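For this chain, numbers begin at 1 and follow the sequence in order. Just so you know, ligand 1 is whichever comes first in the structure, and atom 1 is the first atom listed for that ligand. Treat the numbers as computed from the prediction; the structure is a model and nothing was measured.
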Amino acid sequence: MKVHDNLAAWWEARDALARRGDSLGFVPTMGALHAGHASLISASVAGNAATVVSIYVNPTQFNNPDDLSNYPDTLDADLALAERLGADHVIRPTYDEVYADDYRYQISEKELSGILCGAHRPGHFDGVLTVVMKLLNIVRADRAYFGEKDYQQFLLIRDMARAFFLQTEILACTTVREEDGLALSSRNLNLSAAGRETAPTLNRLLRSGLDDEAVAGELAAAGFDVDYVVSREGRRFGAASLMNGELAVRLIDNVELGE
Ligand code: PAF
C-alpha cells in the first residue's frame with residue numbers, strides 16, 4: 001500500500017492506474033477508522049481492481065471548533081487497517097492543497113441540506129459537499145463508498161454527483177453496529193464510560209414503536225441533549241449529544257421504519 005502525503009505523488013500514481021485501465025474504488029474518510037470504515041474499504045476492494053482511501057479531517061465541515069480539535073487521530077492504526085484490508089493507496093492531502101482557493105468556491109444545496117443535521121450544524125453540508133467534490137475530482141474513481149449511518153450526507157452526495165454529471169458512482173453501505181446497537185462512529189471514542197453505556201439508547205428508541213416526540217422525550221430523560229428525532233421517507237433519523245466533562249459528543253443514527 002502506498003501512502004501519498006501530497007497530491008503531486010498521488011497524481012503520478014493516478015496516471016499509472018489510468019494507463020493500466022484498472023477500475024478504481026474510493027473510500028473518503030477523516031481517519032479514526034473503525035469497523036464501519038472497514039466495511040466500506042472491503043466493499044471497494046471486492047468491487048474494484050484498486051482501492052484508494054483518503055484520510056483528511058476537513059475543517060470546513062466542523063461548525064463546532066471543540067469538535068474539530070477533539071476529533072480522534074489514530075493514524076498508525078488507520079494505515080495498518082487499510083493495508084490489512086487490501087487498500088492500494090492512501091492519500092493524505094494538506095489543507096493548503098485541498099483549499100488552495102481558501103474556500104472561496106463552495107458547493108451548496110438548497111433543500112435537504114437545511115433540515116435534520118443541516119438545521120443544527122450551520123455550514124456543515126457546504127463543507128462536506130465541497131470537500132467531497134474536490135476529493136472525487138482528485139481521485140477520479142469509478143465508485144465511491146459511503147456509510148448509511150450518515151444517510152443525509154449520502155443522499156446529498158449522491159444527488160450532487162448526478163447534478164454535476166460526475167463520473168463516479170456513489171454507493172451506500174449498511175451501518176455497522178456494536179452488539180448493543182450503537183452505530184460505529186469515530187466520535188464514540190470520545191464518550192465517557194457512562195456515556196458509552198447510555199449511547200445505545202439512541203438506536204433502541206429510534207427502533208421503538210413510540211412516536212418521534214415520545215422518543216425525543218425518552219432520550220432527554222436518559223440524559224441526551226436532543227437535536228432532533230424526525231421520521232421521513234420511510235426512515236427515522238435522530239441526533240443527540242452526551243456530555244463527557246465539558247465536551248458534547250454528538251451521535252447520529254437512522255433506521256428504516258418497520259425494521
Ligand atoms: O463521512 C465522513 O467521514 C466525512 O463527512 C467525509 C465524507 C469523509 C467528508 O469529509
What distance do Leu182 atom CG and Leu202 atom CG have between them, rounded to the nearest 0.5 Å? 8.0 Å

Run through all N or O atoms in ligand 1 and write down each protein N or O closer than 3.5 Å, as a pair with its distance.
unit_1   : atom_1 : unit_2 : atom_2 : d
ligand 1 : 1 (O)  : Gln153 : NE2    : 2.8
ligand 1 : 5 (O)  : Gln61  : NE2    : 2.9
ligand 1 : 5 (O)  : Gln153 : OE1    : 2.8
ligand 1 : 10 (O) : Gln61  : OE1    : 2.7

Side chains of Val128 and Leu156: does their closest heavy-atom pair fall under 4.5 Å? no

Residues forming a side chain to side chain contact (heavy atoms under 4.5 Å, CB included) with Val57, sequence neighbours excluded: Met30, Phe62, Leu68, Tyr71

Which residue pairs satisfy the salt bridge (Lys or Arg N to Asp or Glu O under 4.0 Å) criterion with at least one member in residues 77-89, sequence neighbours excluded? none

Considering residues at least two apart in sequence or located in another chain, which fulfil the salt bridge (Lys or Arg N to Asp or Glu O under 4.0 Å) criterion with Lys149? none

Single hit among Asp227, Asp225, Asp67 for salt bridge (charged side-chain N to carboxylate O under 4.0 Å, His left out) with Arg250: Asp227

